[in-house]
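Since the structure comes first, as structure tokens, the remarks are kept for the end.
Quick note on labels: first sequence line is chain A, next is B, and so on, each numbered from 1.
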There are 6 protein chains.
Amino acid sequence: MLIQIPDILTRDEVAHCRRVLEASPWVDGRVTAGQQAALTKNNLQIPVDSKEAAELGDIVLRALGRNPLFNSAVMPLRVLPPMFNRYDVGMKFGAHVDGSIRAISGTGMRMRADVSTTIFLTEPEEYDGGELVIEDTYGAHEVKLPAGHAVVYPASSLHSVKEITRGSRWGSFFWSQSMIKDQERRSMLYDLDRAIMGTRARLPDDDPAVLSLANVYHNLLRHWAEL
Amino acid sequence: MLIQIPDILTRDEVAHCRRVLEASPWVDGRVTAGQQAALTKNNLQIPVDSKEAAELGDIVLRALGRNPLFNSAVMPLRVLPPMFNRYDVGMKFGAHVDGSIRAISGTGMRMRADVSTTIFLTEPEEYDGGELVIEDTYGAHEVKLPAGHAVVYPASSLHSVKEITRGSRWGSFFWSQSMIKDQERRSMLYDLDRAIMGTRARLPDDDPAVLSLANVYHNLLRHWAEL
Amino acid sequence: MLIQIPDILTRDEVAHCRRVLEASPWVDGRVTAGQQAALTKNNLQIPVDSKEAAELGDIVLRALGRNPLFNSAVMPLRVLPPMFNRYDVGMKFGAHVDGSIRAISGTGMRMRADVSTTIFLTEPEEYDGGELVIEDTYGAHEVKLPAGHAVVYPASSLHSVKEITRGSRWGSFFWSQSMIKDQERRSMLYDLDRAIMGTRARLPDDDPAVLSLANVYHNLLRHWAEL
Amino acid sequence: MLIQIPDILTRDEVAHCRRVLEASPWVDGRVTAGQQAALTKNNLQIPVDSKEAAELGDIVLRALGRNPLFNSAVMPLRVLPPMFNRYDVGMKFGAHVDGSIRAISGTGMRMRADVSTTIFLTEPEEYDGGELVIEDTYGAHEVKLPAGHAVVYPASSLHSVKEITRGSRWGSFFWSQSMIKDQERRSMLYDLDRAIMGTRARLPDDDPAVLSLANVYHNLLRHWAEL
Amino acid sequence: MLIQIPDILTRDEVAHCRRVLEASPWVDGRVTAGQQAALTKNNLQIPVDSKEAAELGDIVLRALGRNPLFNSAVMPLRVLPPMFNRYDVGMKFGAHVDGSIRAISGTGMRMRADVSTTIFLTEPEEYDGGELVIEDTYGAHEVKLPAGHAVVYPASSLHSVKEITRGSRWGSFFWSQSMIKDQERRSMLYDLDRAIMGTRARLPDDDPAVLSLANVYHNLLRHWAEL
Amino acid sequence: MLIQIPDILTRDEVAHCRRVLEASPWVDGRVTAGQQAALTKNNLQIPVDSKEAAELGDIVLRALGRNPLFNSAVMPLRVLPPMFNRYDVGMKFGAHVDGSIRAISGTGMRMRADVSTTIFLTEPEEYDGGELVIEDTYGAHEVKLPAGHAVVYPASSLHSVKEITRGSRWGSFFWSQSMIKDQERRSMLYDLDRAIMGTRARLPDDDPAVLSLANVYHNLLRHWAEL
Ligand code: NI
Ligand code: NI
Ligand code: NI
Ligand code: NI
Ligand code: NI
Ligand code: NI
């Protein structure tokens, strides 16, 4: 399930992020990659324990908290502190699936990476290449979104970032552990949530059918949620 | 989940069943009981391989096939040939749960008993006692229905038939293996089915919300069904 | 599974709770209700972050900790801080299922509401109406218990509190996340626990059959527990 | 998981199917659609109990039996007898998910529709429109394959056939119940199967690592398979 | 879970089997092995579709039907027709796990191989070597039983037959699909069954604790059984 | 799954542990046993809240952290602080399974005991008896390892420590909650991990088959991990 979330960051937030990133130190992205991902990863990122990463990470987390679409699609239990990276000309990230277990830095805790999110911080016009490619056996989706937009996709999907041939692609990236581990279940809950919203657009909130649908949603979420 | 199904048999079918049963041989009900149920079972039934059992069983099975409420609540994959029993004065069936695996007589096959169904063939006025009691830890439901009505309850529930103190209580009894083994899931599908029917009573069949709800129902049924 | 727990609070604890509540501020119960529950909820409660709620909540949590029946039936992993509410004449809470995911106030954490518990703080003679009604499709259980007694029921059940027509009904209410999410499994473990206690009442603790049953209990709990 | 299977039918088989279909009666496709699918389905098909359907169905089933890619991707337990349909100018099939439980005609049995398969019987050049569109929330895959090729996709996906604007699109269509109900698991087994084939292309069959991988594959299949 | 079942065949049955086998044709055992098992399998067996295999298979199947220990340990849903094999001097079967899905010859059906059973038809004194070795990571069990005895072990375990250095080892071998796919669950049900038998040896059959334990057993079996 | 881990502690660490333990107070081991384990437990241990237990526990935890075999076999999410015990002449621990839920002392938290680990701190020559016996229905594994070596076994297995007849057996013991609750799954992941290591010993790290196998491992771990 790929979901595009428009305007998860405001224009002002994007602008602020870019200003801070311009003044940040950048290091080789392989420092946070697992052994095998390091074979194919070629980009830059700001240190995960820098004050810039902390400040911008808070902006992103606040943005997630206020976004109903992100919450309905991901149902996040834990979110790894957002990372910030850039791909300059010649950089790319080969096809890989994301590692399943991640340490949450500075806490001694770990989380499961169920869902990957990329927030674009540069406009599509600012660079060539750099498409996020989500592959399945038959074909591939290519994703390149306006600055401030996000794409959410399974951490288990085979995905890559194409080589940059002009300009630079900046973004924020993070993993979420979902309360609903299984993709198909998460997708059914998302579909049910949206179908109920569609019903509520036509029927009053206290219609018995609407109340019954909400009860089913809550009981299904309770049946599947792992906290 | 206890569900009452009114008029699963028509008046004519009830009358016909009673005429056939009046002319039937009756044997001790312990012949079809497991070792432990036999300790508390005290009733009469017609032989499971008699031609009367076969004829009346077909009537019951046809009645199930045409009843949407039974099918929505039970989602039967297999139904054991219906049995026919009677409790005369002094007879009863002590508290028990139903055996989990049953041989389907004459086939070499077995099925899992998920759901129990009792169809009443005598009117409540014709006998005293004989309530079907479905217990849970806090209390108990007592069920005594008009002839032709049925009650559906989990085979795993602790249940009993109270002693008859006047008249005679006749009934048909059978087990179903459901496509949805788990009670909570079966109950959620039933609730969703009815909530969708409630929605369709107010919105047209091709409303996008109605179509989406039907898609969710089908995908949830597919996710859980074991055939 | 509905379970009644007598005397979970002592007479002294009930009396103390009532004295504190008499001196407490009461606010509209809708402040802690979700959007849809608010449509049908009409009662009063003391603020969840008041010092009275904290003090009385501790009394309730200590009472839970010392009650083997509560622990066997609920197997709590997390308990939301207890709330205290009252229904005066004309107040009620319409049929609803409880929301599935609750924030634990002041912690940034969330929990799953699996089991609901109501502790009665006023005697049945002190008010008319106010029954807690737990519905299933066939019928309904009505629960009205002496002060200090509790009732435990699935948060997924459809339940309501009937309108008060005389006096006032005071109670404590809270949700638990169980180590055993699934109701049927929780119920089987509870039944096995009690059957083993029954066996130990007749056979010595070091009887091989008793030891084997305890091993099965522990391995089954381990097989299902989510912590 | 969408998988394209080239040349599942030989050129001769395609030619034979087309000759038989040319001489067949065609009926409205709504006769085999559920109540809601009938709202959006507009095509023609040959009667499921015709001798032509039986003969051509056997050809398709034999073709499946000899195709390792189909068997690795679908792991079919049951296959509903293949159907044969055509879309002429102006015909289409609106977005829908496939019904989850299907009767197997003439057997009294039912099966679960897990995987949908379309085999194309006309060449892409013979018609305009008629793309099979498999939608997900972000975007859509459009599939239009040479005659004799097949596409396999989840029955739970939202899919449609676009309106024909020139020529006619002929195809065979059928559902499979997989031994592996869950899509993610089926996909992991498929990936493991292919990774093992890749390893065996480089290492001898009796290499200990190859043998160990085959053991894991068999134990994982055993762990998940429902027969 | 390895379980030894003494005297599953009587002395007379063993003697009869041996007489029939002496007059049977023997073929290379690789004919029924999968591609990888064939690399390490070196024994003889009688053709699976011979009249001898059919006659002796029926003897074995009848013996299984009357054996409560086999049924409690395996809970068989389907049993593949028994095979009969021999290992002469120099023959052996290298370490392997058994294939997970087997065709049931002559039926068009398949089954899942959950549990493997070997019945010994020659006495330990009649041959040297030929131990059945069931390995786990730490060590290994070696099994060599009197004629007529059986050993039951998971088809997923890594196992082998050691090379014969004197005499000949004859046996019957077959796979079962269990109603309880998961080994740990099957093992808990087996332990509970035996603990209940132990309790019933000390307490009367209608003791409430005994009845409650039997109810738990039936509900647990129902919860897990796949038929 | 029993797994032996050689040299989990270095010689120096073992020597240091022994020196500290020699100067420690020892108390009756029953203080940390559940009600039923206390019936059969007879050994000595150092107090779980002593400074010696804390210091030595840290040494053990650091040793676990650096041991890939322990991490691949156990996949620990939580580890209860290690305990240190001794069996002198005449002491033993009768057959038992370990309790399933344990309080983590000093934290108010609990964990599930999935995997038991014993690290030997005395050499086999220093005592007679004292074998750790892991039983299954067919037979038993006896384990007695050099100082510094560990054995890992399921907490659900029936196990015991044989009576000491000469000398003294010192050890460290602790429970782990695994990210993978189910034994069979943990075992398959372990087998896959080792098969991939075997493959990587023969093929380069960036071989497509190696990369695909690593992807399957990560997706399978993600599918099963509970954090
Ligand atoms: Ni990635
Ligand atoms: Ni019954
Ligand atoms: Ni409520
Ligand atoms: Ni379709
Ligand atoms: Ni084998
Ligand atoms: Ni132990």
Worksheet item: Among residues 215-227 of chain B, which residues come closer than 4.5 Å to chain A, judged by heavy atom distances?
Response: B/Val216, B/Asn219, B/Leu220, B/His223, B/Trp224
Discussion item. Strictly less than 4.5 Å between heavy atoms, which residues of residues 68-76 of chain B line up against chain A? Please order them by number.
Written reply: none
Item to complete: Flag yes if more than 12 heavy atoms outside B/Arg11 fall under 6.0 Å of its CZ atom; otherwise flag no.
Response: no
Worksheet item: Who among A/Ser212, A/Ala201, A/Ala209 has the most heavy-atom pairs with chain B under 4.5 Å?
Response: A/Ala209
Item to complete: Hey, could you give me the CG/CG distance between A/Leu213 and B/Leu213, rounded to the nearest 0.5 Å?
Response: 5.5 Å
Practice prompt. Can you measure from CG (B/Leu203) to CZ (A/Arg202) and round to the nearest 0.5 angstrom?
Written response: 7.0 Å
Worksheet entry | Residue among B/Met188, B/Glu184, B/Met197, B/Arg185 with most heavy-atom pairs under 4.5 Å to chain A | B/Met188
Worksheet item: Is it the side chain or the backbone of A/Leu192 that comes within 4.5 Å of chain B heavy atoms, both, or neither?
Response: both
